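None of the values given here were measured: they were computed from a predicted structure.
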Amino acid sequence: MSDVLRAADTDTTAPVVDLAKPPLHLVPDLPEDPAGDLPLIPAWTRNSEGRKAAARRAARRTRRAGRRWIARQRTPQGHAAQISRGTRRVHEWVRGFEGVNLQAAAHQAHTATREAREAARRARYTIMPGQRDKARQAADKAQTVAMAAVNAHRQAKKQIRRGRMLRGGLAYGSPLLVDTAALAEFGGLGLAGGIFATLSVAAWIGRKPLTAETWDLERRSIGDGDRMDEPMLNQAYRDAKVIPADEALLLRRPVAITADGSAFEVEFDLPAGTPTAKATSNTAVAALASSFGVTAQQVSQTAGDREGRIQLRVSLKVPFTGKPVRGPLLDCERFDLWDAVPMGISERGETIVTEWFEKTALFGGEPGSGKTSMANGLLLAAALDATARLFGADGKAGADLLPYEPIAEMLDTEGDPEALLTILRHVWHVVLPECKQVAREHGARRFSRALAAKDPRVRFTILAIDEWASYLGSADPKTAKEIDRLLRLIVQQGRAYGVIVLASTQKPDSEAVPTGVRDIISTRWAGRCLTPEASDTILGRGRAASGHNAQRILKQQRGVGFYQTGESADPVMMRAFYYDDGEKTGVDEVAVILDRAYKLRADAGTLPGSGPTLADQLRELGADGEILAALVDTFTAHGEDVDWLPGSVLLDALRAFDLEVTPERLAALVVRSAADKAKREWAGSRVAGYPRALVFDTAQKALEGA
């Protein structure tokens, strides 16, 4: 390399390349320009490549000019409109305005003639001699006036006819004479030139529309194929009574069509003092759609970063009526639930993602609105995270959650309220205490991604409850009250420890679902609803009136809903990603993903029951571990709803495990406080015992100490 560089340094005959010039080719011998006529034109343009580049630019400008001319023809400034307007103005000039005088003269002639006839009749039938003379004089005078009026009318007609003939000869005869002379002199080419000149004059006369002839925006609409522009936009908001007739919108970004040509978009500010809610109300949206010539579903308004600022999108066709969008999790081998989960597609084609840590969700809508498709976005992502725990309950006793059974910790598909209560008790008494203990060990107040990287016990817990209202509707009052209490506690305290509650129902009103739980759920999705009130019960009061009304969603828009990811965030219309269950295509995409999830969990050892139980781990700690393991198995055998057992029952169970343990040794191993030693009712007697939570806490501490 150094030899080459030295050779280049010593070669003084090599041409010098100016890298600032376009690298078309080297031109060593260019003709000089001694006169300096072209000081701003580079020398490289005066060759074949430069001329070709200039020709390409000229062709591009010509094409653009042609497109602009074609687009102009559809507006009032188009040449056809100008010629029509000019022709009409010439014709009106030929007719003139003297017709008003002619009508007045005709009216006066008719009136005078009628009065002369009446005067002659009175003179003919008057009997008294004195009155007869007066009547005859009046008749003569009326006849004279009538004759003068008739003569004036005739003169007016002649004058108007003469004026029209002169103006008509000038306006129509001149072009006809020119065209005839051109035809006689130059043939067909001359005739074409004459006609072109005539039309050009007409276009020049009609080049400017009069105030009464301005472009009528009401006759133009997007639905008829017209392009949206600023005048159309202003007129639409005036028609909708959003802004007064003498006000205009202040455009922040000009009207533009999207890159895919599917919609018009614009951002603007409403006039000062006009709130955003006035433009986003259902009445205003319907009026805007009528003015634009589209359906209400095609008009989407999003509040900007300040009051009165709106981002408008008008789709050229009803959105979300085509084929559903294929779910991206089909191409995902594994997923980390700490990442944002792709949930669906917005109207603008953007992927809607959600970070689910410290979030809970409520999905609502009528049957067939797509709640299952929406829930699958989170559930399938959680399934592909081998560390996440899944708990599920289906209140309608359907098969939507059944495919998750092989990887779920606990699952109810029978719609049994007692089964749901058992799941909630397990999450509250076992899962949450474990999570809190892990956080305390690390001195953390909540789980985090950094903590998960340090300790594999930091994991997400998904609690999915389908048709929530069905459980409460079929449960007895005591069970329903306990379900409500536990669910509210899990939602309140579980968010900080990765417990995600996902509930769905058709209409979560206060009668079906207690507001104490519904109101603390942050993320909402409202599919098609039958009434605006049902939409508001999901998204929050006043959302339907502000334009986020799920009743406007069409039946063919399956999987479409308003998605709200925070208590104060505005809902966004989106369509959930679609994962086929095999009914249409024969390929069960949900099963494909869950098979992948099963293998991931099998390899990671996180399948339900695949790892060593707490009792198995305790038995490896020696004699005390054997006792604690027997206590844990005893409580497990009595079920999750038993939170306390008498000491005598525990001692009998220890003997059944061939462990001779005295009451003193048991008390020394599981140390109780004064409150724990308090006696409780058992089999008709008040006896002392041991709380479940204390036994499990002692067992956990023994494992940690080992």
Side-chain angles (χ1 to χ4, degrees), residues 220-228 232-233 236-237 239-242 255 257-258 260-267 276-303 310-325 343-352 363-371 373-374 524-536 538-539 542-564 570-578:
R220 299 183 69 254
S221 65
I222 296 174
D224 294 332
D226 298 314
R227 294 177 62 89
M228 180 195 288
M232 180 191 291
L233 182 68
Y237 277 82
D239 293 341
K241 308 299 182 183
V242 177
V255 180
I257 193 166
T258 57
D260 58 359
S262 62
F264 291 102
E265 291 185 344
V266 62
E267 183 180 14
T276 303
K278 187 175 182 180
T280 57
S281 66
N282 293 326
T283 303
V285 170
L288 289 172
S290 176
S291 182
F292 287 132
V294 297
T295 64
Q297 288 76 18
Q298 294 173 249
V299 179
S300 173
Q301 296 181 107
T302 305
I310 293 178
Q311 295 176 355
L312 171 69
R313 176 186 174 92
V314 181
S315 302
L316 300 183
K317 63 178 182 179
V318 179
F320 303 130
T321 52
K323 293 183 178 179
V325 182
M343 301 299 295
I345 295 293
S346 70
E347 290 180 284
R348 291 171 171 80
E350 301 169 346
T351 301
I352 303 296
F363 296 161
E366 69 172 5
S369 61
K371 296 187 295 295
S373 298
M374 190 65 186
R524 311 287 183 92
W525 181 86
R528 174 176 169 80
C529 297
L530 296 179
T531 63
E533 291 76 18
S535 178
D536 274 351
I538 303 169
L539 298 176
R543 292 297 190 185
S546 64
H548 306 102
N549 183 8
Q551 187 189 27
R552 293 197 295 112
I553 300 174
L554 303 176
K555 283 187 174 294
Q556 58 265 37
Q557 292 178 303
R558 186 179 176 89
V560 177
F562 286 98
Y563 189 49
Q564 178 177 298
D570 288 329
V572 176
M573 180 174 278
M574 59 164 286
R575 185 178 196 175
F577 286 120
Y578 180 68

Closest heavy-atom pair and its distance - Ala279, Leu288: O-CD1, 4.3 Å

Minimum-distance pair of heavy atoms, taken over all atoms of Gln297 and Val318: CB-CG1, 4.2 Å

Check Ser535 against Ala550 and note the closest heavy-atom contact, atom names and distance. OG-N, 3.1 Å

Residues two or more places apart in sequence or in another chain: which of them pass side chain to side chain donor-acceptor pair (under 3.5 Å) with Gln557? none

Rounded distance [0.5 Å steps], CG in Leu312 versus OH in Tyr237: 4.0 Å

Please evaluate residues Val294 and Leu316 with respect to the criterion side-chain contact (heavy atoms from CB on, under 4.5 Å), reporting the C-alpha separation (whole Å), side-chain torsions for both, the decisive distance (0.1 Å), and the verdict. CA-CA 8 Å; Val294 297; Leu316 300 183; over 6 Å; no

Side chain to side chain contact (heavy atoms under 4.5 Å, CB included) with Tyr563: of Arg524, Met573, Met374, only one passes, and it is Met374

For residues Phe320 and Ile553, determine if any side-chain heavy atom of one lies less than 4.5 Å from a side-chain heavy atom of the other. no

With heavy-atom distances below 4.5 Å as the criterion, would you say the side chains of Arg313 and Thr258 are in contact? yes

Rounded to the nearest 0.5 Å, what's the gap from NZ on Lys278 to NZ on Lys241? Could you check? 10.0 Å

Main-chain N/O of Gly365 paired with Lys371 side-chain donor or acceptor, under 3.5 Å: yes

Considering residues at least two apart in sequence or located in another chain, which fulfil the side chain to side chain donor-acceptor pair (under 3.5 Å) criterion with Arg575? none

In Å, rounded to the nearest 0.5 Å, how long is the span from CG of Asn549 to OG of Ser281? 11.5 Å

Between Leu233 and Phe292, does the side-chain contact (heavy atoms from CB on, under 4.5 Å) criterion hold? Intermediate values first, please. CA-CA 9 Å; Leu233 182 68; Phe292 287 132; 4.1 Å; yes

Side chains of Ile345 and Ile352: does their closest heavy-atom pair fall under 4.5 Å? no

Show your working on side-chain contact (heavy atoms from CB on, under 4.5 Å) between Arg543 and Gln564 and close with a plain yes or no. CA-CA 11 Å; Arg543 292 297 190 185; Gln564 178 177 298; 3.3 Å; yes

Once rounded to the nearest 0.5 Å, what's the spacing between atom CD1 of Ile257 and atom CZ of Arg227? 5.5 Å

Note: Ser315 and Gln298 closest approach over all heavy atoms is O-NE2, 2.7 Å

Donor-acceptor pair, distance only, cut-off 3.5 Å: does the side chain of Gln551 make one with the backbone of Leu530? yes

Closest heavy-atom contact between Gln301 and Thr280? NE2-CA, 3.7 Å

Can you name the closest pair of heavy atoms from Ser373 and Tyr578 and give their distance? OG-CD1, 4.3 Å

Determine whether Phe562 and Ile538 satisfy the following criterion, side-chain contact (heavy atoms from CB on, under 4.5 Å), listing intermediate values before the conclusion. CA-CA 10 Å; Phe562 286 98; Ile538 303 169; over 6 Å; no

Are the side chains of Lys555 and Arg528 in contact, using a 4.5 Å heavy-atom criterion? yes

